[in-house]
Protein chains: 4
Amino acid sequence: MIRFECDYLEGAHPLILKRMEETNFEQTAGYGADPYCAAARAKIQALCGGTDVEVHFLVGGTQTNFTVISAALRPHQGVLAASTGHINVHETGAVEATGHKVLSLPSDDGKICADQVRKAYEAHWNDKDHEHMVQPGMVYISHPTENGTLYSKEELKALHDVCRELSLPLFLDGARLGYGLMSEESTLTLKDVAELTDVFYIGGTKVGALFGEAVVIANPLLRKDFRYFIKQHGGMLAKGRLLGLQFDTLFTEGLYFEIAKRADELAMRLKQAFVKKGYELRYDSYTNQQFPILPVGHMEKLKEKYSFAFWEAVDKEHSAVRFCTSWATKEEAVDELIRDIEAL
Amino acid sequence: MIRFECDYLEGAHPLILKRMEETNFEQTAGYGADPYCAAARAKIQALCGGTDVEVHFLVGGTQTNFTVISAALRPHQGVLAASTGHINVHETGAVEATGHKVLSLPSDDGKICADQVRKAYEAHWNDKDHEHMVQPGMVYISHPTENGTLYSKEELKALHDVCRELSLPLFLDGARLGYGLMSEESTLTLKDVAELTDVFYIGGTKVGALFGEAVVIANPLLRKDFRYFIKQHGGMLAKGRLLGLQFDTLFTEGLYFEIAKRADELAMRLKQAFVKKGYELRYDSYTNQQFPILPVGHMEKLKEKYSFAFWEAVDKEHSAVRFCTSWATKEEAVDELIRDIEAL
Amino acid sequence: MIRFECDYLEGAHPLILKRMEETNFEQTAGYGADPYCAAARAKIQALCGGTDVEVHFLVGGTQTNFTVISAALRPHQGVLAASTGHINVHETGAVEATGHKVLSLPSDDGKICADQVRKAYEAHWNDKDHEHMVQPGMVYISHPTENGTLYSKEELKALHDVCRELSLPLFLDGARLGYGLMSEESTLTLKDVAELTDVFYIGGTKVGALFGEAVVIANPLLRKDFRYFIKQHGGMLAKGRLLGLQFDTLFTEGLYFEIAKRADELAMRLKQAFVKKGYELRYDSYTNQQFPILPVGHMEKLKEKYSFAFWEAVDKEHSAVRFCTSWATKEEAVDELIRDIEAL
Amino acid sequence: MIRFECDYLEGAHPLILKRMEETNFEQTAGYGADPYCAAARAKIQALCGGTDVEVHFLVGGTQTNFTVISAALRPHQGVLAASTGHINVHETGAVEATGHKVLSLPSDDGKICADQVRKAYEAHWNDKDHEHMVQPGMVYISHPTENGTLYSKEELKALHDVCRELSLPLFLDGARLGYGLMSEESTLTLKDVAELTDVFYIGGTKVGALFGEAVVIANPLLRKDFRYFIKQHGGMLAKGRLLGLQFDTLFTEGLYFEIAKRADELAMRLKQAFVKKGYELRYDSYTNQQFPILPVGHMEKLKEKYSFAFWEAVDKEHSAVRFCTSWATKEEAVDELIRDIEAL
């Protein structure tokens with residue numbers, strides 16, 4: 001079985017394992033106060049250019065999402081998000097478990113726009129009984145989205161501007177940020193993301209690390225006491241250096257960007273094969289996730305040899321599915337899959 | 001200004017105030033352990049017929065909703081409700097503040113149906129990653145709904161059956177229960193409600209009391225330690241007898257039903273006046289809330305003399321509004337309003 | 001049975017019932033936006049003298065405590081309180097249910113002192129791993145305390161000063177505030193309380209009202225969006241005027257102070273009778289709660305005719321008990337009890 | 001600087017890194033549904049002997065504690081724990097953040113006894129207002145405790161029996177379980193722990209793993225839907241095999257026990273050196289943490305070359321400190337420290 005169902009099927013980039021072995025018997029302080037975290041922080045800060053940012057390392061994405069959101073909101077506030085957003089669908093109500101409503105906005109492709117944010121804000125404040133409703137307190141987006149789609153620089157700028165105007169912190173979930181930034185369609189850099197959001201994170205788990213997400217906080221208000229929140233929510237790794245070491249490695253000589261780019265290129269080869277075969281695409285993705293709509297017979301045939309994710313039934317005879325590449329995807333596996341698609 | 005904007009504009013039925021005065025200097029135990037609560041409980045139990053129920057008294061509706069829901073759910077569970085449900089829209093995220101997601105189901109008229117519940121349940125359990133999603137753990141409905149609409153006995157029976165089959169407790173918010181049961185279209189009695197739900201409440205605040213909601217629990221699992229939950233959420237009135245006394249009065253000689261019936265009749269007179277005038281109705285309500293769609297000019301004219309609630313803009317020239325009657329509405333006020341509608 | 005076990009055995013001062021009856025059919029806006037709330041607010045603000053304060057009305061004490069505390073704290077913060085404090089012992093973990101630890105400080109008489117606050121603060125911040133511990137974020141005191149004891153003006157001033165210095169808001173639970181302010185030992189006025197705390201409340205439930213607590217917020221930071229918190233926690237009474245009307249009555253011509261003073265005087269007569277009889281006192285209270293230590297035989301004898309609260313066993317032959325007077329206690333009842341004590 | 005301040009200073013046992021490298025490019029299902037987790041589960045189940053247990057893997061200790069506790073309790077319940085317990089002191093109120101009070105019991109050495117549990121339980125249920133107090137719902141102990149002390153089999157049996165009798169699940173925090181079980185004073189095996197608790201965990205982070213805690217649930221009631229709780233609290237590692245692989249390695253050929261035993265032996269050599277030097281011990285520990293009371297001058301001298309944890313000031317001239325050994329401690333480091341102690 002050759003697996004394409006997600007982007008966390010393998011371990012870590014070999015350079016990471018190598019450095020873990022080399023440093024294994026070094027003694028370091030715990031909880032992120034070690035030289036590897038310091039080095040990784042400095043590299044990320046440098047990539048953020050002129051923006052003054054604070055960097056923290058957490059273990060996983062769900063944890064990062066609810067830690068950031070609950071740290072930013074007061075009890076009567078909720079977070080605006082696409083109805084398809086990860087926090088709204090696939091985190092077992094982790095945000096609600098911290099006491100906050102996810103205020104979902106309709107979205108088909110996974111994105112929301114500045115105008116939706118403004119309308120939701122105004123709908124709240126123009127209601128004479130607004131105290132009876134959850135107050136919008138933050139905006140959550142993911143880039144790329146759960147559907148592989150991307151915000152353009154203009155779109156992100158528009159979200160940034162409306163959020164700044166309305167005093168709503170903008171939070172960007174970058175669980176797959178590398179695949180977004182290195183897409184052939186990307187108009188954004190890490191520096192742009194730092195400038196245009198209040199807080200975001202750089203996903204490691206899905207882009208070369210064993211695990212780990214680097215939270216980057218530009219807004220000074222969101223920094224206050226952030227380490228307490230990490231600890232309270234179980235995100236403070238005792239051997240914090242494991243996180244520092246991984247991000248330090250990924251941001252040495254551009255490794256993070258290089259491996260993400262390669263995965264995107266492999267995904268685009270897959271996309272072309274699907275299109276050439278005449279399949280429709282559920283979402284027009286230029287990142288490492290591809291969503292072809294397959295005739296059910298073809299889907300069953302491919303399942304014999306490949307694993308991939310069922311997304312949704314489109315009609316009785318077609319289903320949308322998801323194929324992911326990653327930093328670890330083998331070129332030969334993609335070649336073989338393309339041959340098998342062509343042969344269907 | 002003659003007010004019709006809601007059903008809690010006045011104090012309480014005079015008989016309630018009279019009894020409060022008569023008993024004012026009696027010394028009773030606190031927190032609901034007094035003879036008036038006992039008497040009210042007995043009367044409500046009798047009206048529930050053969051169903052063995054436990055009865056508790058709380059101060060208000062929001063408090064009752066989140067107390068019941070959070071008592072019933074485990075932390076990873078959410079409550080299914082109409083998107084228009086009070087808990088989803090107008091309680092400042094009170095359910096989420098107890099850690100639980102409101103799993104909203106689309107609804108235009110405020111009702112949900114058995115099939116929606118079944119589909120939501122199956123969608124959850126058929127997803128291979130269901131542990132990444134909030135598990136449906138309860139069903140919340142309101143009767144009448146926030147839009148004045150009613151469940152028929154068949155509809156409630158169907159909800160009851162699917163909930164029983166799927167082990168989902170069914171909770172009925174009866175903030176306006178009296179107005180529902182006494183509607184000319186009602187096919188339900190209090191006994192039916194007790195039989196067909198796991199827990200419900202009888203609204204006092206909007207039906208003759210100063211304040212107070214009587215929670216009726218049929219499902220033994222939901223009874224366990226319920227008084228702790230009331231206390232923890234601030235719903236345990238020190239002078240609990242005030243609640244007992246009010247419900248005892250309301251359920252003496254059918255007062256609750258009689259005053260609700262009168263309010264419904266006044267509302268139906270208003271409805272007929274709207275229809276006769278040629279207005280569309282936003283919802284086809286047979287209870288104390290009426291939702292005509294008014295030409296904006298007529299709306300402005302009526303505003304000079306009457307207060308009523310803006311509901312939503314229908315188009316540039318029409319708005320849906322809400323007029324409520326209550327146990328306290330004066331017949332003359334309705335007569336005058338009808339004359340003014342006719343004269344528009 | 002003549003009851004002395006608590007101070008919420010009766011209804012309300014007759015003037016309150018009278019006004020409720022007089023105004024019963026007036027139509028007013030809901031949720032505290034009515035003229036009675038406005039009038040009561042103005043009277044309380046006037047009594048607070050020069051301090052600029054915001055006033056809100058809630059239904060009960062537990063609700064008020066957790067609403068204020070959870071509005072003031074960020075998620076990683078806790079509230080410092082005497083180990084005997086109501087929030088730490090008798091509210092079913094309501095504060096913890098909002099996510100916050102009660103950081104208890106040892107206390108025998110119910111009071112805490114400025115030095116305890118400073119030491120707890122310093123212990124936190126001097127610990128190199130303070131991010132692993134709950135950060136002190138507020139100080140809670142009650143006046144009178146649950147044991148009937150009082151803070152002197154100097155003690156309250158010292159607490160105020162240390163709280164101001166350490167940026168810890170000071171919250172005073174005044175469920176029995178009237179009995180405290182009117183005690184013959186009191187050195188505090190309502191104006192002092194407003195000046196020396198960030199937020200406090202004036203208890204109505206135990207001092208003449210049917211129910212109700214008036215929250216007075218001096219600190220502007222604690223005012224922001226406070227009505228959302230009231231609504232979210234179920235404390236926003238639909239017919240808010242019931243609260244306004246009660247406090248307006250209580251603060252008309254000094255009624256609140258007058259009835260509290262009378263109760264204190266009756267309690268002091270009881271105290272003298274206990275002392276004269278040779279009983280020790282568990283706490284040296286000058287307010288409406290008295291805590292004599294009775295020989296078990298005497299306790300059993302008194303129980304035949306009077307109800308009072310068991311407090312704690314002191315030794316095999318003696319128990320501390322609590323007798324309360326209130327605004328409603330009858331002079332004849334106190335006379336009779338004193339005679340029976342003397343006759344033991 | 002030679003470091004002894006805690007037991008998570010280094011990476012992982014080299015066999016773990018070796019296997020991570022060997023398996024790095026294998027493709028496996030995520031979230032713990034991989035063969036390595038299955039293998040580790042089977043090994044742990046075998047060590048638990050006849051007790052039927054379910055095994056889950058989480059990333060860290062704080063996360064594990066609050067996930068287990070909040071899964072077990074209903075909202076009005078709290079967890080009984082020693083006042084010194086990790087959950088009560090060093091987890092930033094993580095348990096309270098899930099809505100539950102830690103009901104602390106006095107303890108000097110870190111242990112609590114069956115009689116304390118019974119008394120707390122009875123004090124709750126014998127209070128006539130028990131609904132106004134947090135209901136005890138679980139018992140938390142740590143073994144070894146935070147002070148290095150151990151429960152004997154008799155003591156654990158007594159706790160088990162009282163918990164069974166009172167229907168309170170017993171939860172054992174085994175963050176350092178290996179060091180406890182392999183102590184020369186231990187009278188417990190892993191099998192005993194499985195038999196005598198409802199749920200416990202086997203700490204990996206401090207005993208040879210990079211990170212990871214294996215939760216072992218014997219009580220069927222606590223198993224229901226446990227994976228939802230892990231996910232909701234951010235503890236479900238995407239690449240779950242990293243946890244499985246580590247525990248599989250640790251429980252292959254007794255590695256876990258072997259490395260823990262060695263660390264205990266090194267700690268006992270340190271203990272003997274302290275005692276021989278005439279120092280008092282703050283706690284009489286037979287595990288990998290040692291707590292000598294040092295003259296301040298000696299403490300300062302040792303600090304020049306060694307790092308260790310300050311515990312508490314005993315008097316002006318003496319401080320209790322903590323030295324830890326671990327699976328990674330070098331024998332030469334211990335030799336050198338002992339020589340330096342002797343030379344003080």
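In what follows, every heavy atom counts, from backbone to side chain, and hydrogens, waters and symmetry copies are set aside. Letters A, B, ... are given to chains in the order of the sequence lines, protein chains preceding strands, and every chain is numbered from 1.
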Toward chain B, the part of [X] with a non-hydrogen atom under 4.5 Å:
X	value
Tyr31(C)	side chain
Ala209(C)	backbone
Phe66(C)	side chain
Leu242(C)	side chain
Phe211(C)	side chain

| task | Measure the OH-OG1 distance between Tyr8(C) and Thr28(B) for me, rounded to the nearest 0.5 Å. | result |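 Separation between the atoms: 11.0 Å.
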
| field | Gap between atom CG of Leu210(C) and atom CG of Asn24(B) - 0.5 Å precision | value |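 Here the interatomic distance stands at 7.0 Å.
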
| field | Lys305(C), NZ atom: more than 12 neighbouring heavy atoms under 6.0 Å | value |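 For Lys305(C), atom NZ is crowded (more than 12 foreign heavy atoms under 6.0 Å).
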
| request: Answer with side chain, backbone, both or neither: which region of Leu245(B) has an atom nearer than 4.5 Å to a non-hydrogen atom of chain C? | output: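 Contact with chain C: none, neither part.
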
| field | Under 4.5 Å from any heavy atom of chain C - which part of Leu17(B) | value |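 Side chain only.
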
Only pairs of heavy atoms separated by less than 4.5 Å count here; which of [options] has the most with chain B?
options	answer
Cys6(C), Pro14(C), Gly99(C), Gly61(C)	Pro14(C)
Gly60(C), Ala29(C), Ser70(C)	Ala29(C)
His233(C), Lys18(C), Lys206(C)	His233(C)

| Looking only at heavy atoms, which two atoms of Gln232(B) and Thr92(C) are closest? And how far apart? |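 The answer is NE2-O, 2.9 Å.
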
| field | For Arg3(B) against Gln27(C), the heavy-atom pair lying closest together | value |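 Looks like N-OE1, 2.9 Å.
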
| request: Walk me through it: do Met236(B) and Thr62(C) pass the test side-chain contact (heavy atoms from CB on, under 4.5 Å)? | output: CA-CA 9 Å; Met236(B) 192 173 280; Thr62(C) 295; over 6 Å; no

| said: I'd like to know which of Met20(B), Glu91(B), His13(B) tops the heavy-atom pair count under 4.5 Å against chain C. | reply: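 Top option by heavy-atom pairs under 4.5 Å: Met20(B).
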
| task | Evaluate side-chain contact (heavy atoms from CB on, under 4.5 Å) for Glu10(C) paired with Glu26(B), printing each intermediate quantity in order. | result | CA-CA 6 Å; Glu10(C) 294 89 356; Glu26(B) 285 181 21; over 6 Å; no

| Counting only N and O atoms by type, is there a donor-acceptor contact under 3.5 Å from the side chain of Lys239(C) to the main-chain atoms of Thr205(B)? |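 Yes, because the side chain of Lys239(C) sits within donor-acceptor range (under 3.5 Å) of the backbone of Thr205(B).
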
